[in-house]
Amino acid sequence: MTLAERTFVLLKPDAVQRGLVGRIVARFEARGLKLLGMKLLTVPRTLAETYYAEHRGKAFFEPLMAYITSGPVVAIVLEGEGAVAVVRKMMGKTNAAEAEPGTIRGDFALTIGRNVIHGSDGLESAKREIGLFFKADELRAYTRIDEAWLDE
Ligand code: DAT
Ligand code: MG
């Protein structure tokens, strides 16, 4: 039986502007990760600061704030076995210049400052980030018809 894990993904403003949303979401769906929540929003500065609190004071913090609040983003909650680590692997390295081909950053991005996607780096941050972007009643629990074929 599957031990389902939840993770948070943010498709950043460059993903929306460059028309990459569908192709990225398709990869998660095809992998077998279940969409529990998804919405388009523009991140207010206050939320951006809370979300990236761990980076406050760093040299790239202000450029990061400007980037993430610059236009609409797509916030997503995914569920599946090992979802946190699976999504991190699918994303590739933070610096897209070093990300392996076949990963999302390795296929769709070139730099660390416009790296298209965020994914939670652990179960605790997933919980925190889901709570920042979604109310409980905005997430849907349901059975996907292919679930029996994704687990043994
Ligand atoms: P990740 O997004 O892979 O979890 P992170 O949490 O360390 O990486 O950093 C969050 C974002 O901040 C990252 O996606 C891009 C930006 N960033 C991180 N380190 C940076 C750096 N050294 N220079 C510029 N931007 C950076
Ligand atoms: Mg991170």
Side-chain angles (χ1 to χ4, degrees), residues 2-136 138-141 150:
T2 299
L3 256 179
E5 210 170 275
R6 289 180 179 187
T7 193
F8 176 75
V9 165
L10 195 77
L11 305 184
K12 296 177 179 179
D14 46 341
V16 175
Q17 292 294 333
R18 294 176 52 216
L20 300 172
V21 172
R23 274 181 282 174
I24 295 171
V25 172
R27 291 184 179 212
F28 295 134
E29 288 188 291
R31 187 75 191 263
L33 292 163
K34 178 158 55 176
L35 286 165
L36 298 191
M38 181 155 82
K39 65 178 166 187
L40 189 79
L41 74 152
T42 304
V43 178
R45 170 81 194 204
T46 48
L47 174 57
E49 284 181 10
T50 311
Y51 169 54
Y52 276 135
E54 63 176 304
H55 297 301
R56 202 175 294 214
K58 295 181 186 169
F60 60 85
F61 186 72
E62 277 309 321
L64 182 61
M65 290 295 100
Y67 166 44
I68 217 70
T69 60
S70 66
V73 299
V74 178
I76 300 170
V77 178
L78 294 171
E79 188 178 82
E81 188 166 349
V84 170
V86 165
V87 169
R88 291 290 293 189
K89 273 201 165 172
M90 290 175 76
M91 284 165 44
K93 287 190 183 162
T94 305
N95 184 355
E98 295 168 5
E100 294 291 329
T103 64
I104 293 163
R105 286 164 169 164
D107 288 348
F108 297 132
L110 278 174
T111 64
I112 196 168
R114 294 289 182 272
N115 65 2
V116 165
I117 187 168
H118 160 93
S120 307
D121 61 9
L123 281 174
E124 274 309 303
S125 47
K127 201 173 163 194
R128 186 182 83 86
E129 291 161 2
I130 290 168
L132 283 175
F133 283 83
F134 288 92
K135 298 185 188 107
E138 289 177 319
L139 303 180
R140 293 287 168 272
L150 287 163

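One-based numbering, in listed order, for ligands and for the atoms of each.
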For this session: Pick whichever of Tyr52, Phe61, Phe60 has a heavy atom sitting closest to atom 16 (C) of ligand 1.
Result: Phe60

For this session: Around atom 1 (P) of ligand 1, find the nearest protein heavy atom and jot down its residue, atom name and distance.
Result: Thr94 OG1, 3.6 Å

For this session: For Asn115, counting its heavy atoms only, list the atoms of ligand 1 lying under 4.0 Å from any of them.
Result: 13 (C), 14 (O), 15 (C)

For this session: Counting heavy atoms only, name the option from Met91, Lys93, Arg105 that's nearest to atom 2 (O) of ligand 1.
Result: Arg105

Exercise. Mind checking whether Ile112 has a heavy atom under 4.0 Å from ligand 1?
Worked result: yes

Problem set entry | Option set Arg88, Lys58, Glu54, Lys12, criterion heavy-atom distance to atom 4 (O) of ligand 1, minimum | Arg88

Exercise. With under 30° as parallel and over 60° as perpendicular, where do the rings of Phe8 and His118 fit, or are they tilted in between?
Worked result: tilted

Problem set entry | Cation over ring face, Lys39 and Phe134, 6.0 Å, 45° | yes

Problem set entry | Taking atom 7 (O) of ligand 1 as the reference point, the nearest protein heavy atom with its distance | His55 CE1, 3.6 Å

For this session: Flag yes if more than 12 heavy atoms outside Lys135 fall under 6.0 Å of its NZ atom; otherwise flag no.
Result: no

Problem set entry | Interatomic spacing from CD1 in Ile112 to CG in Leu110 - rounded to 0.5 Å | 13.0 Å

Report, one line per pair, each donor and acceptor closer than 3.5 Å where one atom sits in a side chain of residues 91-105; sequence neighbours left out.
residue	atom	partner	partner atom	Å
Asn95	OD1	Ala97	N	3.1
Thr103	OG1	Glu100	O	2.6
Thr103	OG1	Gly106	N	2.9
Arg105	NE	Asn115	O	3.3
Arg105	NH1	Gly92	O	3.2
Arg105	NH2	Ile117	O	2.7

Exercise. So which heavy atom on Phe60 is nearest to which on His55, and how close?
Worked result: CZ-ND1, 3.6 Å

